[in-house]
Amino acid sequence: MTKKIKKLRKQKWAAQKGRCYYCGQLMWEHDADAFQREHGVTRGLTQKFQCTAEHLTARSEGGGDVDDNIVAACLFCNRTRHAAKKPLDPRRYRRRVQARLEKGGWLRLNGL
Ligand SMILES: [Zn+2]
């Protein structure tokens, strides 16, 4: 990861108050142990809530490492979006994630 992306991720993390752009749940940046203790969850679940830099338009599709193309997203939402053959555009994906969360069909950090 380049310094530029790290810096952007940090900025977005702060702007989003530590919450994932897609699912809105809390993420951790550096201290997995503290996060795990704080939320009383397994290590496996903790790993999925690591903060990542998400490219709204993928690099492979010409999206740059620039401010308006980077958001902070949890590893789970990030990976799940890009695991699709045809990833949904960010707005539609966010709506889908939120709808699934409401119905209990998405990864949850806790009871929310
Ligand atoms: Zn998420």
Side-chain angles (χ1 to χ4, degrees):
M1 197 189 299
T2 67
K3 266 190 182 168
K4 195 176 175 191
I5 295 184
K6 268 192 189 162
K7 196 176 154 199
L8 285 169
R9 187 192 67 200
K10 254 190 191 323
Q11 287 170 355
K12 300 296 170 155
W13 155 276
Q16 295 168 217
K17 301 186 166 45
R19 290 183 180 273
C20 171
Y21 177 77
Y22 295 120
C23 69
Q25 299 181 93
L26 290 166
M27 306 177 284
W28 57 273
E29 241 200 324
H30 301 293
D31 197 341
D33 290 335
F35 187 89
Q36 187 175 353
R37 274 198 308 274
E38 193 176 323
H39 298 283
V41 292
T42 62
R43 172 58 79 173
L45 191 61
T46 297
Q47 279 166 353
K48 294 186 170 108
F49 286 101
Q50 180 174 11
C51 178
T52 64
E54 156 79 334
H55 287 76
L56 295 175
T57 300
R59 262 181 292 203
S60 59
E61 289 163 17
D65 300 341
V66 291
D67 180 72
D68 62 1
N69 193 43
I70 303 280
V71 294
C74 73
L75 185 63
F76 181 75
C77 286
N78 191 338
R79 282 214 182 131
T80 304
R81 177 174 172 233
H82 295 287
K85 264 187 196 158
K86 271 195 163 183
L88 288 177
D89 73 74
R91 285 209 188 94
R92 285 181 61 198
Y93 182 66
R94 176 149 75 165
R95 278 201 297 272
R96 174 176 293 187
V97 169
Q98 301 275 342
R100 288 201 178 164
L101 253 180
E102 268 175 37
K103 291 178 191 161
W106 199 256
L107 190 71
R108 269 174 189 260
L109 179 58
N110 51 41
L112 286 177

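Remember, it's 1-based here, ligands and their atoms both numbered in the order they're listed.
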| Apart from V66 itself, what residues make up its hydrophobic cluster, given side-chain heavy atom links below 4.5 Å? | none
| Using a side-chain heavy atom cutoff under 4.5 Å and only I, L, V, M, F, W and Y, what cluster partners does L8 have? | I70
| message | Using a 3.5 Å distance criterion without hydrogens, assess whether the side chain of R9 forms a donor-acceptor pair with backbone atoms of A72. | response | no
| query | Does D65 pair with K6 as a salt bridge, N-O distance under 4.0 Å? | reply | no
| task | Only protein N/O/S atoms count here: give how many lie under 2.8 Å from the Zn ion (ligand 1). | result | 4
| query | Got more than 12 heavy atoms from elsewhere within 6.0 Å of CZ, R92? | reply |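 12 or below, so no.
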| remark: Residues passing the side chain to side chain contact (heavy atoms under 4.5 Å, CB included) test with L45, sequence neighbours excluded, are V41, T42, F49, L107
